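What you see is a predicted model, and the numbers here were worked out from it, not measured in a lab. Just so it is clear, the values below take in all heavy atoms, side chains as well, and ignore hydrogens, waters and symmetry mates.
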Amino acid sequence: MYPKKVANQTAEVLQSYLTYQAVRTIIDQLSETNPSQAIWLSQRSAGNRIQKGEVFLQELMQENKEMVLRILTVRAHLAEEILDFLPEMVRSNISNSNTDCRRQILERLTQTADSSLESSTETHPEIESNDSQD
């Protein structure tokens, strides 16, 4: 396992996601103040283009530098707002999710064991009768 590599890739994904959220926020703002620019930005960010946030910003810089600066400002603000409590939230969510998944696995294993025990006593009634004679 390579924790630094995983951390780096996670940071890149988070950065791209914050770019996406910044763009969504700006589109919402523009839809009220400048609908044509909101449509323009929405079209530019449609599809998979925004999944690589830095590539998206580089491409957008060729068309509208002011919009890129606005995205950077909103992205930085979002990062400031969430990054303080994000590590604990991620740890807690993963712990809760793992607990839920383990519980479901245990329930399924228990149900499978119970149903196989029931089916074996149904097909072999002597098992149950031998137990009752003891």
Side-chain angles (χ1 to χ4, degrees):
M1 180 186 246
Y2 306 101
K4 287 185 181 181
K5 182 178 179 182
V6 171
N8 188 36
Q9 291 171 341
T10 303
E12 288 176 17
V13 170
L14 182 57
Q15 186 173 339
S16 290
Y17 185 72
L18 288 174
T19 302
Y20 165 78
Q21 286 296 334
V23 169
R24 297 300 325 149
T25 300
I26 293 168
I27 290 171
D28 289 345
Q29 293 168 348
L30 288 173
S31 66
E32 295 176 13
T33 60
N34 190 341
S36 62
Q37 201 168 26
I39 292 168
W40 176 85
L41 183 57
S42 182
Q43 290 172 343
R44 294 298 177 275
S45 63
N48 293 334
R49 297 179 69 183
I50 200 166
Q51 285 187 345
K52 296 282 187 178
E54 297 310 302
V55 173
F56 171 76
L57 291 173
Q58 291 298 318
E59 291 173 0
L60 191 61
M61 201 178 304
Q62 304 301 319
E63 297 179 57
N64 191 330
K65 292 173 184 56
E66 294 80 22
M67 187 61 68
V68 172
L69 291 173
R70 186 171 179 176
I71 293 168
L72 295 177
T73 301
V74 173
R75 181 175 73 173
H77 175 73
L78 289 171
E80 285 292 320
E81 292 288 317
I82 68 162
L83 290 180
D84 287 338
F85 54 86
L86 187 64
E88 182 55 36
M89 186 179 287
V90 170
R91 281 187 199 98
S92 175
N93 287 351
I94 288 175
S95 176
N96 291 340
S97 176
N98 287 353
T99 299
D100 287 346
C101 286
R102 286 183 177 114
R103 180 185 44 76
Q104 290 173 10
I105 290 169
L106 183 59
E107 287 173 357
R108 289 181 184 156
L109 288 173
T110 304
Q111 290 171 355
T112 303
D114 287 347
S115 65
S116 65
L117 180 60
E118 287 173 8
S119 67
S120 68
T121 59
E122 289 172 7
T123 57
H124 303 319
E126 67 276 0
I127 293 174
E128 197 171 285
S129 64
N130 287 345
D131 289 343
S132 62
Q133 291 177 358
D134 288 339

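Residues L72 and R75 form a side-chain contact, since some pair of their non-hydrogen atoms from C-beta on lies under 4.5 Å apart. Contact annotation: the side chain of E59 approaches that of V55 to within less than 4.5 Å [non-hydrogen atoms, C-beta and beyond]. Residues H77 and T25 form no side-chain contact, since every pair of their non-hydrogen atoms from C-beta on lies 4.5 Å or further apart. Annotation: side chain of R44 is not in contact with side chain of N64 (no heavy-atom distance under 4.5 Å).
If you chain together hydrophobic residues whose side chains sit under 4.5 Å apart, I71 and I39 never meet in one group. In the hydrophobic clustering of this structure, V90 groups with L78; members are Ile, Leu, Val, Met, Phe, Trp, Tyr whose side-chain heavy atoms approach within less than 4.5 Å, directly or through other members. Each of L86 and V13 belongs to its own hydrophobic cluster when Ile, Leu, Val, Met, Phe, Trp and Tyr are linked at side-chain heavy-atom distances under 4.5 angstrom.
Summarising the local packing, CD of E107 is surrounded by more than 12 heavy atoms from other residues, nucleotides or ligands at distances under 6.0 Å. Residue-environment remark: CZ (R102) stays at or below the threshold of 12 foreign heavy atoms within 6.0 Å.
Of the possible donor and acceptor atoms, one in the side chain of T73 sits under 3.5 Å from a partner among the backbone N and O of L69. S95 places no side-chain N or O within donor-acceptor distance of the main-chain N or O of R91, the cut-off being under 3.5 Å. In this structure, the side chain of S92 does not engage the main chain of M89 through any donor-acceptor pair within 3.5 Å.
Nearest heavy-atom pair across L60 and L41 is CD2-CD1, 4.2 Å. Scanning both residues, Q21 and Y17, for their nearest heavy atoms gives NE2-OH, 2.6 Å. A pairwise comparison of heavy atoms in G53 and S16 identifies N-OG, 2.9 Å as the closest pair.
In this structure, CD on Q37 lies 10.5 Å from CD1 on I27, to the nearest 0.5 angstrom. Put simply, CD1 on I94 and OG1 on T99 are 11.5 Å apart, with the number rounded to the nearest 0.5 Å.
We find that E66 and R70 are not joined by a salt bridge, their nearest charged nitrogen and carboxylate oxygen being 4.0 Å or further apart.
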